[in-house]
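Accompanying notes for the structure given below.
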Amino acid sequence: MPHKTFVTHLECSYSGETYEADRIHGLSREGKPLLVRYDLDALGAELDRATLSARSGGLWKYLEFLPVRRGENIISLGEELTPLVALPDLQVGPGRLLVKDEGRLPTGSFKARGLALAVSMAKELGIRSVAMPTNGNAGAALAAYASRAGIESWVFCPDDTPEINVRETALQGAKVWRVNGLINDCGRLVGEGRETMGWFDFSTLKEPYRIEGKKTMGLELAEQLGWELPDVILYPTGGGTGLIGMWKAFAELRELGWVSAKLPRMVAVQSTGCAPMVRAFEAGLEHAEPWEDAATVAAGIRVPGAVGDFLILRAVRESGGFAVAVSDESILAARDRAASESGFLMCPEGAATLAAYLQEVGGGRIRPDESAVLFNCATGLKYPMPGAEARLDCKAPLDIDTLQQA
Ligand SMILES: *Cc1c(COP(=O)(O)O)cnc(C)c1O
């Protein structure tokens with residue numbers, strides 16, 4: 001089905017230099033991410049909030065805000081609107097505490113948003129083979145969307161990536177390799193093999209369209225909340241695509257006049273075992289030094305260095321937010337509380353945002369009357385969980401004493 005598109009060009013996020021749309025691009029000449037720019041005046045003349053709200057479905061309803069030109073290139077696995085779930089038992093003050101549950105998306109994580117767009121654009125631009133380093137969820141989403149698009153995919157992940165991620169990636173048709181290093185080592189391998197193997201490099205932010213997919217989190221959130229954005233957004237930050245993408249969404253919505261000028265404070269949440277953005281934020285730096293010996297239970301945010309570091313830091317600072325690290329113990333404690341007190345199973349990365357909320361709403365950087373949105377980026381079912389070993393012998397009479405001691 002033909003639809004109107006509004007892409008005008010791409011732009012280097014660092015120098016502002018422009019690049020032609022509808023061509024294959026990786027990073028800019030400066031080695032920085034490229035951002036897609038739209039004719040927002042024309043978009044605003046064509047579309048209004050009511051029309052958009054009358055449409056059903058998930059991220060593809062925001063087609064006018066997206067770069068795909070031809071409907072037949074859209075690769076979809078049934079992306080739905082992800083719910084905002086209240087956590088009233090864990091809310092500290094009168095300000096609402098909501099979680100956007102991204103675990104409901106295809107492949108069980110919000111990587112589906114980014115990869116749905118990136119793979120659709122790869123198809124549109126005629127790319128046949130792609131490769132990426134991943135901590136797990138991105139590889140799984142790439143595998144699924146690429147297989148559906150008939151594009152070959154190669155995935156390289158650290159050898160301690162959650163087992164389920166490696167297997168789902170393989171099952172969904174990617175060639176997946178476990179690497180005895182971290183995600184940046186995997187990224188180096190992709191760079192080394194690119195020319196000989198004929199791969200297009202799908203590393204985070206090294207192609208321009210994953211951000212556009214992640215941007216739909218911001219569009220969706222705004223629409224879901226009646227175009228009234230929350231006071232604070234806490235985002236588990238690895239490569240930062242989602243944080244950068246949401247900030248881009250809010251800028252576009254503000255330019256259209258669809259949301260008020262006051263935007264949410266963006267909080268980048270990391271683990272104390274890998275906190276390059278927090279260190280750079282606190283030191284007042286524009287770029288982050290790579291983190292040595294990165295280690296955390298929250299695999300998705302174990303990213304020692306990010307090409308988009310300056311974009312993450314810029315969004316956090318422009319928004320009046322901050323970057324904060326939480327320990328693995330507090331991440332697991334937050335996961336356990338959300339599950340046992342509120343019946344909400346979070347992934348460790350999502351639980352990191354809850355841990356940060358609980359820490360900061362007590363410590364002062366978030367006021368108890370402020371509304372906060374957390375991101376649960378993947379289904380908690382993908383991750384190792386504490387054991388449950390209680391057993392009963394059905395050959396004997398029911399052991400009431402044992403039951404009552406539980
Ligand atoms: C990738 C990932 C993140 C980090 O997302 P970025 O946008 O790359 O910073 C957080 N949580 C989970 C579960 C992930 O898979």
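Just so it is clear, the model here is predicted, and its values are computed rather than measured. Counting starts at 1 for both ligands and their atoms, in listed order.
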Answer yes when [X] and [Y] have at least one side-chain N-carboxylate O distance shorter than 4.0 Å, and no when they do not.
X: Lys262; Y: Asp231; value: yes
X: Glu79; Y: Lys61; value: no
X: Glu72; Y: Arg70; value: yes

Name each N or O atom in ligand 1 that is under 3.5 Å from a protein N or O, and give the partner atom and the distance.
residue  : atom   : partner : partner atom : Å
ligand 1 : 5 (O)  : Tyr235  : OH           : 3.4
ligand 1 : 7 (O)  : Lys214  : NZ           : 2.9
ligand 1 : 7 (O)  : Tyr235  : OH           : 2.5
ligand 1 : 7 (O)  : Thr241  : N            : 3.1
ligand 1 : 7 (O)  : Gly242  : N            : 3.0
ligand 1 : 8 (O)  : Gly239  : N            : 3.3
ligand 1 : 9 (O)  : Gly238  : N            : 2.7
ligand 1 : 9 (O)  : Gly239  : N            : 3.3
ligand 1 : 9 (O)  : Gly240  : N            : 2.6
ligand 1 : 15 (O) : Lys111  : NZ           : 2.8
ligand 1 : 15 (O) : Asn137  : ND2          : 2.9

ask   = On the ring face of Phe65, is Lys215 found with NZ or CZ under 6.0 Å from the centre and within 45° of the axis?
value = no

request  = Scan side-chain atoms only and decide if Glu64 and Tyr38 contain a donor-acceptor pair under the 3.5 Å cut-off.
outcome  = no

message = As an exercise, state the distance from NZ of Lys248 to CD1 of Ile211, rounded to the nearest 0.5 Å.
response = 7.5 Å

